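Take a look at the structure below.
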There are 2 protein chains.
Amino acid sequence: MVTINDIARQAGVAKSTVSRYLNNGSVSSATRKKLDEIVKETGYTPNTFARSLKAAKTNMIGVIIPRLNSASTNEVLSGIDQKARENGYDLIITNSNQNMQRELGNIQTLIKQKVEGIILLAREITESHRKLINDANIPFLVLGQKAEAIHSMAYADYEAGYTIGRYAVELGHRDFLFFGVSEQDKAVGSERKNGFLDSLENVTETNVTIIETSFSKRIAYQDALTSLPKSTASYVVCATDNIAIAVLKAAVELEYSIPEKFSISGFGGYEETDYVQPTITTMSYPYKEMGIQAVENLTKLLEGTDIPYETLLPNELIVKNSTIRKKKV
Amino acid sequence: MVTINDIARQAGVAKSTVSRYLNNGSVSSATRKKLDEIVKETGYTPNTFARSLKAAKTNMIGVIIPRLNSASTNEVLSGIDQKARENGYDLIITNSNQNMQRELGNIQTLIKQKVEGIILLAREITESHRKLINDANIPFLVLGQKAEAIHSMAYADYEAGYTIGRYAVELGHRDFLFFGVSEQDKAVGSERKNGFLDSLENVTETNVTIIETSFSKRIAYQDALTSLPKSTASYVVCATDNIAIAVLKAAVELEYSIPEKFSISGFGGYEETDYVQPTITTMSYPYKEMGIQAVENLTKLLEGTDIPYETLLPNELIVKNSTIRKKKV
DNA sequence: TTGTAGGCGTTATCAT
DNA sequence: ATGATAACGCCTACAA
């Protein structure tokens, strides 16, 4: 490995001169030229560790994601990536694989790597999180869930649920089947559902059956296969697009004609909902925008600017072919 | 920031003792206990940079991916992630966004970060790559494309193309429409196509129309919309599953009944092909396995063990409902 | 403009 | 078992 000393020796100058040449750059044009050459020849690059050791600064942002193979996660990531690059930060992306222990471990690792801030795509914030975050004393931003006294950004999931409910009611539907996920997931499992339920509050003669299934298409498909035949619903609300796609597959399998037999809608706005038959009505989520704003917010925190603890991003109803007006009986 | 010196001072020992305690651990149980306490109290963690500066070793592997939002990429990544963790490596994942300049920049960044090896998911290896790789003098592994004189792993794309061709011929098909992508992409654009074409070599009275479209579903869909009506093909070969899904959508739009009007097949083995109607026949690719083996290979290189320059991973034909025997005319 | 010297936090060597 | 000391590669007063 070639070091600043080697360069200095070869150039016949002091290493501090080389350092100056490397940084502020106030050196005579003669030395500059000489150093230019030698650096090029030797292929010298400064040792990041020695630098960071001095600077106690790395220009790196740490990102923790729950899983690698999720469409929404990766949209968020690409937003983060784009903006981070614009703002001059490098990214370290780590994967917690939906494992809480690994998530906590990743936070520690990132802190040890001396990232300047951390963006965490989380489903749940525990006491252990808070402790780690507090001790680290660097800007921390939680994405996808609200979190007490921690900077967070989330989607307006409650409102999204409410919107879907109002939309369905306006189409004349009163009998619902709701495929949700565990309430452990606040945003997806709880808020979307509660928003939907609350939208039905002042509507008479409604009937809602709630089924808890999984984020996994395969499992949701199985669950749909067993529960659809028992249902009388004219509208099936699915808490994610993946569940909606799985339910649609099950419906086709059962030889139900959709949306005539019942309407289906999802949440997410995945491109995939455009490539099934029928295309699926969904609440679109500003995933990429979330990533972009996350870095903007983190940058502000890094600069000491204050931002509100909570940022909410709105969603949009995208009506497609899987939902129709309830037929008069 | 609390350092080893602080600990030493508080414990009333030399910092070298603390260092020993931190590493090999041969200290008296009395000092050990005392240090245990102080470390816990202060929340001290060793500074990674100082460590790496000494060790000239980081235990990190760099990964460069072409884009964040690709299903196959992320499967590979999750394999890499899993195995890297098993082998005790940390990962730095960077995104080149399909931009050659950024890709080269990322290589440099990773080298500066002193990663011990680099895994590059690439579409093309240029002279600039080779130069960088040579200068860096660390193990380098290219995934997804063969590369002269560089360690690489690739899928058996030519054979996959050949397999699809043989399969279609055995079903009695002779008239083909092939949706491919630019030959710039060696594996997808060139090898899959050539394998397919060569499989037809000794078959009489074949007819093949080749159309170059894009990896993007949206564009492929548009292209299919205009070219399907002009085609007489009884079998449509698509170079990727995404293209196949787009073509299927176009076919449905055009009110062709699939697979009666024509068969469709893809490449990739995406889960998504199970959730459209009909499910799509495809060549499945061992994405995750690729990631796992990549880290295994890189680990060997890191340990100085030799591996073959080229590793090929086989694919498997998965027959589903989008392909049927050609009807007698 | 340039060189000298000291320090960033850690580990390793060598005495004690 | 413990401590003093040098070294890793770089940066930055300060002095020349």
Side-chain angles (χ1 to χ4, degrees), chain A residues 1-39 42-60 108-109 111-116 135-138, chain B residues 1-39 42-60 90 108-109 111-116 136-138:
Chain A
M1 161 184 291
V2 35
T3 78
I4 201 174
N5 267 313
D6 302 330
I7 306 294
R9 200 176 323 116
Q10 285 190 46
V13 299
K15 61 179 181 174
S16 51
T17 303
V18 181
S19 177
R20 237 174 290 113
Y21 156 83
L22 253 24
N23 299 295
N24 12 8
S26 80
V27 288
S28 74
S29 61
T31 22
R32 164 174 312 286
K33 198 183 281 178
K34 196 162 28 170
L35 287 172
D36 275 342
E37 256 177 48
I38 298 183
V39 165
T42 55
Y44 164 79
T45 55
N47 179 316
T48 319
F49 299 122
R51 264 201 172 150
S52 301
L53 179 57
K54 265 314 259 199
K57 191 161 173 345
T58 57
N59 235 40
M60 294 201 294
Q108 290 181 302
T109 305
I111 291 172
K112 278 191 198 159
Q113 309 250 27
K114 295 279 183 289
V115 297
E116 301 190 19
D135 292 354
N137 202 28
I138 58 175
Chain B
M1 162 186 291
V2 36
T3 77
I4 201 173
N5 267 313
D6 303 330
I7 305 294
R9 200 175 323 116
Q10 286 190 45
V13 299
K15 61 178 179 175
S16 45
T17 303
V18 181
S19 177
R20 235 175 290 115
Y21 156 83
L22 252 24
N23 299 294
N24 15 4
S26 81
V27 288
S28 74
S29 60
T31 21
R32 165 175 311 285
K33 197 183 285 179
K34 194 164 29 172
L35 287 172
D36 275 342
E37 257 177 48
I38 299 183
V39 165
T42 55
Y44 163 78
T45 54
N47 180 313
T48 319
F49 299 124
R51 270 204 167 148
S52 299
L53 178 57
K54 259 319 252 199
K57 192 162 172 350
T58 58
N59 236 40
M60 296 202 292
D90 280 328
Q108 289 181 304
T109 305
I111 291 172
K112 277 191 198 157
Q113 310 249 28
K114 295 282 183 288
V115 297
E116 301 189 20
N137 203 29
I138 59 176

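These values consider heavy atoms only, across backbone and side chains, with no hydrogens, waters or symmetry-generated copies. Nothing here was measured: the structure is a model prediction, and the numbers come from that model. Below, chain A is the first sequence line, B the second, and so on; all start at residue 1.
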Open item on the list: List the residues meeting side-chain contact (heavy atoms from CB on, under 4.5 Å) with B:T17, not counting sequence neighbours, and say none if there are none.
Closed with: B:V13, B:A14, B:R20, B:V27
- [ ] Report the residues that fulfil side-chain contact (heavy atoms from CB on, under 4.5 Å) with B:D90, sequence neighbours left out, ordered by chain and then residue number.
- [x] A:T109, A:Q113, B:M60
Less than 3.5 Å apart, which donor and acceptor atoms pair up between the side chains of residues 5-12 of chain B and the rest of the protein, not counting sequence neighbours?
from : atom 1 : to   : atom 2 : distance (Å)
B:D6 : OD1    : B:R9 : NH2    : 3.3
B:D6 : OD2    : B:T3 : N      : 2.8

Open item on the list: Among residues at least two apart in sequence or on other chains, which ones pass side chain to side chain donor-acceptor pair (under 3.5 Å) with B:T31?
Closed with: B:S28
Task: Set of side chain to side chain donor-acceptor pair (under 3.5 Å) partners for B:S19, sequence neighbours left out - done: B:N23
Minimum heavy-atom distance [X]-[Y], with the two atoms named:
X	Y	value
B:I138	B:E116	CB-O, 3.7 Å
B:V2	B:Y44	O-CD1, 3.2 Å
A:D36	A:Y21	OD1-OH, 2.6 Å

Open item on the list: From CZ of A:R32 over to C1' of C:dT1, roughly how many Å is that when rounded to an integer?
Closed with: 12 Å
Open item on the list: Across nucleotides 10-16 of chain C, 5' to 3', mark each nucleotide with B, S or - according to how protein heavy atoms within less than 4.0 Å reach it.
Closed with: BBB----
Task: Outermost nucleotides of DNA chain D that come under 4.0 Å of a non-hydrogen atom of chain A - done: D:dG9 to D:dT12
TODO: Estimate the overall bend of the helix from C:dT1-D:dA16 to C:dT16-D:dA1 from the end axes over five pairs each, rounded to 10 degrees.
DONE: 40°
Open item on the list: For B:L53 and B:V13, find the nucleotide of DNA chain D closest to each by heavy atoms; which residue's nucleotide sits nearer the 5' end?
Closed with: B:V13
TODO: Identify whether any heavy atom of B:S52 sits under 4.0 Å from a base atom; if not, whether one sits that close to sugar-phosphate; answer base, sugar-phosphate or nothing.
DONE: nothing
Open item on the list: Between B:S52 (side chain only) and B:F49 (backbone N and O only), is there a donor and an acceptor less than 3.5 Å apart?
Closed with: no
